[in-house]
Amino acid sequence: MSLRFLTAGETHGPQLTTIIEGLPSNMKIDFDALNFQLHRRQKGYGRGRRMQIEKDTAQILGGVRHGYTTGAPVALVVENKDWTHWRNIMNVEPIEGNDEAKRRVHRPRPGHADLNGGLKYNLKDLRNVLERSSARETTVRVAVGAIARQFLEQFGVKVAGQVIRIGEIEAPPHSLPIDELIERTEASSVRVVDAETEKKMEAYIDQIKQEGDSIGGVVECIIEGLPVGLGSHVQYDRKLDGRIAQGVMSINAFKGVEVGIGFEAGELRGSQVHDEIMYSEERGYYRATNRLGGFEGGMTNGMPIVVRGVMKPIPTLYKPLQSVDIDTKEPFTAQVERSDACAVPAASVVMEHVVTWEVAKAFLEKFGGDSMEEIHANYQNYLKQLESY
Ligand SMILES: Cc1cc2nc3c(=O)[nH]c(=O)nc-3n(C[C@H](O)[C@H](O)[C@H](O)COP(=O)(O)O)c2cc1C
């Protein structure tokens with residue numbers, strides 16, 4: 001059985017819930033490291049008040065005992081701290097009262113799932129759509145990715161993320177080692193490596209916010225320390241780059257994904273794109289460059305994985321956009337009480353975890369075993385095979 005998870009829960013419901021199945025036994029769970037990743041998702045310049053109200057914490061309710069996985073499904077929940085204010089509105093039991101008491105939504109917001117979901121599920125209260133389509137769900141996707149990260153770290157794998165662009169402001173390229181990249185982005189309010197870009201991005205977000213607008217951007221995830229051969233060329237749904245792309249595109253507001261130089265490859269010649277194959281006693285086979293972002297034939301090639309995703313601007317803006325009331329069919333312009341102007345730094349953390357999850361899944365498919373000991377043995381055996389190739 002391969003690694004899998006499902007999530008459930010609403011943005012103003014009591015909690016988000018996930019069950020992860022397929023984790024091996026005897027994997028140490030670092031609870032602080034897990035919560036650290038959840039806190040990283042909540043930070044970032046341009047985010048609103050809710051992130052300050054709620055400091056997310058994961059609770060594990062099954063599948064872990066005395067700090068180690070048992071091989072059973074891991075049940076994990078993250079409580080919504082302001083649930084108390086929504087207890088009645090989100091009650092699972094029928095409640096008395098009018099639309100006001102139920103906070104019924106009949107005005108679909110452009111750029112959100114509201115109208116499509118209402119039509120598809122025949123729901124006249126669009127709250128039933130927006131509560132689930134909210135990016136709050138990415139909290140538990142970070143949690144499952146954080147567990148996947150802990151698994152991969154035991155094999156020396158490192159994961160980093162950075163913001164490449166926020167609107168008009170692009171971070172200059174650099175070639176920092178991954179540890180330094182992690183350290184510098186962690187210290188930055190917008191998850192970039194240099195202070196000048198950070199200042200420019202902050203000022204830009206302020207300006208966008210003042211204008212009642214929102215802004216998106218581009219984020220990048222880098223994973224180092226993976227062996228050659230995760231994923232496979234033999235079948236479409238085993239190509240790891242394809243699976244990563246699906247994961248990234250499933251993140252709220254993500255509109256595009258690229259691996260390595262991605263879309264730029266369409267402008268360049270073959271000689272400017274392909275990475276030449278080299279060999280040394282020390283490194284074995286490697287590529288002289290990494291323009292293809294660690295993938296050839298849907299398989300890792302031993303170079304770092306480099307994936308970028310583009311996030312559209314947040315659709316809820318103070319500057320009202322036109323829509324149509326589903327009760328009256330009359331046009332209206334949306335009034336917004338509270339919204340973030342930019343969630344790109346947070347989205348960068350989400351993408352890290354989504355990519356990490358897909359990689360961990362492929363890792364387990366290749367070296368699969370029921371316990372960590374078995375997986376380590378399989379992994380070591382494969383490394384020996386590569387050495388003698
Ligand atoms: C980390 C993160 C935070 C987000 N925060 C908001 C927000 O505060 N307001 C909003 O309107 N959309 C926000 N979004 C985007 C919406 O969730 C998303 O655009 C919406 O669910 C529609 O999905 P789609 O854009 O993928 O079609 C956020 C997305 C992410 C990844």
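Both ligands and their constituent atoms are indexed starting at 1 by order of listing.
Glu224 CD to Asp179 CG: the interatomic distance, rounded to the nearest 0.5 Å, is 8.0 Å. Ile208 contributes atom CD1, which lies 14.0 Å from atom OH of Tyr318 (distance to the nearest 0.5 angstrom).
The closest protein non-hydrogen atom to atom 8 (O) of ligand 1 is Asp340 OD2, 3.6 Å. Protein heavy atom nearest atom 31 (C) of ligand 1, with residue, atom name and distance: Asn252 O, 3.3 Å. Scanning all protein heavy atoms for the shortest distance to atom 13 (C) of ligand 1 gives Ile314 CG1, 3.8 Å. Counting only heavy atoms of the protein, atom 22 (C) of ligand 1 lies nearest to Gly111 O, 3.4 Å. Of all protein heavy atoms, the one closest to atom 2 (C) of ligand 1 is Ala135 CB, 3.7 Å. Of the protein's non-hydrogen atoms, Ala253 N, 2.9 Å is the one closest to atom 26 (O) of ligand 1.
Partner Thr139 forms a side chain to side chain contact (heavy atoms under 4.5 Å, CB included) with one of Asn80, Leu16, Thr18 and no other, that one being Leu16.
Salt bridge status for Glu296 with Arg287: present, with a side-chain N to carboxylate O gap under 4.0 Å. A salt bridge links Arg149 with Glu352; the closest basic N to acidic carboxylate O contact falls under 4.0 Å. Using a cut-off of 4.0 Å between Lys/Arg side-chain N and Asp/Glu carboxylate O, Arg291 and Glu264 are scored as not salt-bridged. Taking the charged nitrogens against the carboxylate oxygens, Arg184 and Glu180 do have a contact shorter than 4.0 Å, which makes a salt bridge. Taking 4.0 Å as the cut-off between side-chain N and carboxylate O, Asp56 and Arg136 count as a salt-bridged pair.
Residue Thr316 has at least one N or O atom closer than 3.5 Å to an N or O atom of ligand 1. Residue Lys312 has at least one nitrogen or oxygen atom sitting less than 3.5 Å from a nitrogen or oxygen atom of ligand 1, judged on distance alone. Where the criterion is an N or O separation shorter than 3.5 Å, residue side chain and backbone included, Ala347 fails it with respect to ligand 1. Residue His112 places at least one N or O, backbone or side chain, under 3.5 Å from an N or O of ligand 1.
Contact annotation for Ser133 and ligand 1: only backbone heavy atoms (N, CA, C, O) come within less than 4.0 Å of the ligand. Contact annotation: for Arg109 versus ligand 1, there are no heavy atoms closer than 4.0 Å.
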